[in-house]
Amino acid sequence: LGPEGWVEGELARLRERHLDRRLTVSGGGGGRCRIEGREYLNFSSNDYLDLATDPAVVAAAMRETEAGGAGATASRLMAGNLACHEELERRLAALKGYPAALLFGSGYLANVGVVPALVGRHDRVFADRLVHASLIDGVTLSGARLQRFRHNDPGHLAELLRAAPAGGRRLVVTESVFSMDGDLAPLPALAAAAAGGDALFLVDEAHALGVFGPAGSGLVSEENLQGRVQIAMGTLSKALGSYGGFVACSTALRELLVSTARAFIFTTGLPPAAAGAALGSLDRLAADPDRGSRLLALAGAFRDALRAEGLDPAGSASQIVPVIVGDNEKALAVSRRLREAGVIAVAVRPPTVPAGTARLRFSVTLAHTREELLRTARLTREALEAEGVR
Ligand SMILES: Cc1ncc(COP(=O)(O)O)c(C=O)c1O
């Protein structure tokens, strides 16, 4: 069979369980996409504020490319530290209400970089049961002991912190807006539990940035928790329509990360285009700070429309709206039917979500109209009925 003989067997097992994944080529920003010549309503993009194709944002990326070239050419610590990186870090820190910020190659790399810089083999990480894979991978790389608390349950977190043996550092991690359920973390109570248990608190704001908080600064700042959340992580890749990640933190912590975060040190600095686009998006957001509130109003209208069709948007309180199907194969079939009707809503399956909770995940964006949201709710009900799910 040769050294690759096992690959076909693995693929067959994935297919049997309807867990194989496929790539399709698509393009377009905001709420539309084009696949094989046909235009679809796109509910699977994270371009929440419709900025990825905004002419001013694209122009900012081009300006920065013309000034700085196509790539940063080296690690930030070698010769790849560009003026646009530092300007973007200053702007992100100011937006988030922190003294400093540090860019990473992506949100994934930010989490994989920062966790091992904070904790190691003799330490403990307390993570919400539903946190993103990048945080879990960061914990694995760190070698710290992982303990998971029940989703959005500060009482359980406090209990675990109390029961943990003394000694070593402690880190609590959660998301502020959960990527697959669209619900919000009870940040003040979690911050109190973390402080009571003498733990650092890291909040992943990947889906909150641009949407929640004053001028889109996120939920940590909406709750005024900068003093209790030592690390607010974010991404440039979703509402800001660009690519890259960052953490906002104290100047001392930034200094430490520059010297110890391997995912920062051993990789090339962000391309000027990515930094330029993010700066362009921050300008757009500053000029129109209500974009996030308008998006949340649209998402509320979508949830109402789903309920009017007899569907349950679960605990969603954000622009991310799930419709739980349960079975993997049924979720795929409903997603296929929606696609035939001109709507892209990807079926999210394990291991991205817990087993038995396969779902359609709708990301509402500012590019969607209320009429499109009503139509999509109706088409979703029809697709579920056609598959005998309800
Ligand atoms: C909660 C969360 N954290 C981190 C990431 C990673 O961000 P990025 O896409 O910038 O790598 C994502 C999304 O992919 C996410 O949903």
Side-chain angles (χ1 to χ4, degrees), residues 21 23 29 43-49 51-52 85 88-89 92 96 101-116 125 127-141 148 151-152 171-185 187 190 201-212 218-220 229 231-248 261 263-264 267-271 273-275 277-278 281-282 315-322 346 348-354 359 361-365:
R21 295 157 189 247
L23 290 166
F43 287 93
S44 292
S45 143
N46 300 313
D47 186 17
Y48 300 129
L49 301 182
L51 287 170
H85 295 148
L88 180 54
E89 286 171 344
L92 289 166
K96 303 283 298 176
L102 186 67
L103 291 171
F104 284 82
S106 69
Y108 180 91
L109 284 172
N111 283 336
V112 158
V114 75
V115 174
V125 177
D128 185 286
R129 202 173 67 78
L130 295 188
V131 291
H132 192 254
S134 53
L135 284 163
I136 300 301
D137 292 354
V139 178
T140 305
L141 266 180
R148 314 198 81 169
H151 179 53
N152 280 346
L171 171 67
V172 172
V173 300
T174 190
E175 292 171 33
S176 51
V177 174
F178 278 84
S179 64
M180 293 298 142
D181 292 63
D183 55 347
L184 312 184
L187 290 182
L190 291 170
F201 191 19
L202 183 161
V203 176
D204 179 330
E205 296 238 76
H207 298 276
L209 185 71
V211 182
F212 287 88
L219 258 184
V220 171
V229 175
I231 309 102
M233 172 272 174
T235 173
L236 314 177
S237 325
K238 302 187 193 295
L240 297 186
S242 179
Y243 190 74
F246 70 94
V247 294
F264 173 82
T267 190
T268 302
L270 268 191
S281 287
L282 290 177
S316 165
S318 69
Q319 74 282 13
I320 298 165
V321 183
V346 165
V348 187
R349 291 161 289 158
T352 308
V353 293
R359 69 197 61 189
R361 175 185 182 273
F362 294 90
S363 289
V364 179
T365 77

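Counting starts at 1 for both ligands and their atoms, in listed order. Quantities reported herein were computed from a predicted structural model and do not represent experimental measurements.
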Note: ligand 1 atoms sitting under 4.0 Å from heavy atoms of Ser179 are 16 (O)
What's the shortest distance from atom 16 (O) of ligand 1 to any protein heavy atom, and which residue and atom give it? His207 NE2, 2.6 Å
For Ala206, counting its heavy atoms only, list the atoms of ligand 1 lying under 4.0 Å from any of them. 1 (C), 2 (C), 3 (N), 15 (C)
Compute whether any side-chain donor of one residue and acceptor of the other, for Asp204 and Asn111, lie under 3.5 angstrom apart. yes
Does either side chain, that of His132 or that of Tyr108, offer a donor lying less than 3.5 Å from an acceptor on the other one? no
Looking only at protein heavy atoms, which one is nearest to atom 13 (C) of ligand 1, and what is the separation? Lys238 NZ, 2.6 Å
Starting from atom 6 (C) of ligand 1, find the nearest protein heavy-atom neighbour and note its residue, name and distance. Tyr108 N, 3.4 Å
Look at atom 15 (C) of ligand 1 and find which of Glu205, His132, Met233 reaches it with the closest heavy atom. His132
Tell me, please: is Gly245 in heavy-atom contact with ligand 1, that is, under 4.0 Å? no
Nearest non-hydrogen atom to atom 3 (N) of ligand 1 belongs to which of Asp204, Thr235, Leu109, Thr352? Asp204
For Thr352 and Arg21, test the side chains for any donor-to-acceptor distance below 3.5 angstrom and give the result as yes or no. yes
Polar side chain donor-acceptor pair, His151 to Asp183, under 3.5 angstrom: yes
For Phe201 and Val220: C-alpha separation, side-chain torsions, deciding distance, then whether side chain to side chain contact (heavy atoms under 4.5 Å, CB included) applies. CA-CA 11 Å; Phe201 191 19; Val220 171; over 6 Å; no
Are the side chains of Leu102 and Phe246 in contact, using a 4.5 Å heavy-atom criterion? no
For ligand 1, which is the ligand I care about here, please tell me if Gly107 has any N or O atom under 3.5 Å from one of the ligand's N or O atoms. yes
So how far is it from Arg361 CZ to Arg349 CZ, rounded to the nearest 0.5 Å? 14.5 Å
Short N/O distance, under 3.5 Å, between Glu175 and ligand 1? no
